[in-house]
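Along the sequence shown, residues carry numbers from 1.
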Amino acid sequence: EAQKKAILNGITTNLAFVNKDLEFIWTNKASADSVCKTPDEMIGHKCYELWADPRKPCDGCPTIKAFKTKKTERTIMHTPDGRVWDEKGEPVFDEQGELLGVLEVANDITDMVRAEDALRESEEKYRRLVENAVVGVYQVSEEGRFRFVNEKMAEIFGYDNQKRFLEEVANIVDLYAHAEERPVVLQEIDENGSVHSKELEFRKKDGCSVWIAAHAKRMIEDGKIFYEGLMENITEKKQMEILLRQAQKME
């Protein structure tokens with residue numbers, strides 16, 4: 001019994017055994033600590049009295065469900081103190097198969113949930129930043145198939161929106177005015193990790209030229225290589241350079 005008690009009290013997961021009236025028969029130290037009590041002080045109290053609304057059981061309580069279904073039930077519970085719990089109700093039977101009670105197993109996942117919320121918030125900020133960028137943003141697979149483009153990318157190449165772009169452009173090589181430049185760019189990226197301000201001529205949907213200053217880098221995700229980068233439309237700048245060279249020749 002001493003060994004069992006030491007093991008139960010050494011477990012950091014909240015463990016509590018309750019009867020059909022949801023009264024504690026015993027709890028481990030972690031469970032008692034979570035409400036600033038000792039295991040002995042927990043006995044006889046109803047679980048919801050200490051963790052939630054003392055007037056009624058928690059909505060969606062897995063322990064109540066386990067008593068009804070006689071199966072393991074699990075859910076995510078929020079307590080008034082702001083904590084979030086991954087809680088499970090495990091029915092316990094005697095040798096004759098009669099239900100003795102339910103073991104409540106609860107893990108405090110508050111920090112994990114907060115971290116996930118913060119990640120989602122940062123991802124949303126990143127998404128808005130990408131969508132509102134004044135340059136084209138894209139991702140392509142190692143084979144050149146587009147994984148993502150923002151609205152500006154679609155606009156640069158003469159497409160109404162991202163969806164239409166992704167539907168009609170099978171491969172990034174199809175956009176090159178000179179397809180033989182694609183492997184040269186890839187080689188440069190693979191050798192240096194990235195390219196910056198690489199001036200390339202592409203074709204828009206209507207066949208017209210569009211000059212791009214390309215910035216791209218090689219990425220690996222889940223063991224798969226892909227490329228992501230920015231495309232800045234420098235067509236006006238390039239046209240001015242051509243006109244300037246032509247004027248210099250005439251002189």
Over 60° means perpendicular and under 30° means parallel, so tell me whether Phe202 and Tyr176 are parallel, tilted or perpendicular. tilted
State yes or no: do [X] and [Y] share one hydrophobic cluster built from I, L, V, M, F, W and Y residues joined by side-chain heavy-atom distances below 4.5 Å, directly or via other members?
X	Y	answer
Phe17	Ile64	no
Leu22	Phe24	yes
Phe146	Leu200	yes
Ile172	Ile225	yes
Tyr159	Leu230	no

Determine whether a donor-acceptor pair (N or O, by modelled atom type, separation under 3.5 Å) exists between the side chain of [X] and the backbone of [Y].
X	Y	result
Asn150	Gly136	no
Asp33	Cys36	no
Asp94	Gln96	yes
Thr79	Arg83	yes
Asn9	Lys29	yes
Arg147	Glu228	no
Asn28	Leu8	yes

Does Lys198 form a salt bridge (Lys or Arg N to Asp or Glu O under 4.0 Å) with Glu188? I'd like the steps, not just the answer. CA-CA 10 Å; Lys198 184 81 170 179; Glu188 187 174 340; 2.9 Å; yes
Criterion side chain to side chain donor-acceptor pair (under 3.5 Å) on Glu221 and Gln139, from CA distance to verdict: CA-CA 12 Å; Glu221 186 178 85; Gln139 284 185 344; over 6 Å; no
Donor-acceptor side-chain pairing of [X] and [Y] below 3.5 angstrom:
X	Y	result
Arg203	Ser209	yes
Thr110	Asp108	yes
Thr69	Glu73	yes

Should we say atom [atom1] of [X] is surrounded by more than 12 heavy atoms from elsewhere, each under 6.0 Å from it?
X	atom1	result
Lys217	NZ	no
Gln3	CD	no
Arg55	CZ	no

So, do Val102 and Val92 sit near enough that their side-chain heavy atoms are less than 4.5 Å apart? no
Flag the pair Ser194 / His215 as yes when at least one side-chain heavy-atom distance between them is below 4.5 Å, and no otherwise. no
Could you go step by step and tell me if Glu199 and Lys238 meet the side-chain contact (heavy atoms from CB on, under 4.5 Å) rule? CA-CA 9 Å; Glu199 293 189 1; Lys238 203 69 179 177; 2.7 Å; yes
List the steps, then state whether salt bridge (Lys or Arg N to Asp or Glu O under 4.0 Å) holds for Glu155 with Lys152. CA-CA 5 Å; Glu155 178 190 318; Lys152 188 63 178 181; 3.0 Å; yes
I'd like to know whether the aromatic ring centres of Phe148 and Tyr138 sit less than 6.0 Å apart in this structure. no
Would you compute the distance between atom [atom1] of [X] and atom [atom2] of [Y] and round it to the nearest 0.5 angstrom?
X	Y	atom1	atom2	result
Met77	Ile109	CE	CD1	11.5 Å
Lys70	Glu98	NZ	CD	6.5 Å
Ile25	Met42	CD1	CE	13.0 Å
Thr12	Leu15	OG1	CG	9.0 Å

Could you check Val184, Val185, Leu186 and say which one makes a side chain to side chain contact (heavy atoms under 4.5 Å, CB included) with Arg182? Leu186
Verdict with reasoning, Lys163 to Glu167, per salt bridge (Lys or Arg N to Asp or Glu O under 4.0 Å): CA-CA 6 Å; Lys163 185 174 183 292; Glu167 287 174 347; 2.5 Å; yes
Given the rule in the side chain to side chain donor-acceptor pair (under 3.5 Å) test, do His45 and Glu23 qualify, once you have shown the distances and angles that lead to the verdict? CA-CA 5 Å; His45 283 285; Glu23 295 172 341; over 6 Å; no
Can you tell which of Asn14, Thr13, Asp86 makes a side chain to side chain donor-acceptor pair (under 3.5 Å) with Asn107? Thr13
Taking Lys46 first and then Glu49, would you say they form a salt bridge - that is, a charged N and a carboxylate O separated by under 4.0 Å? no
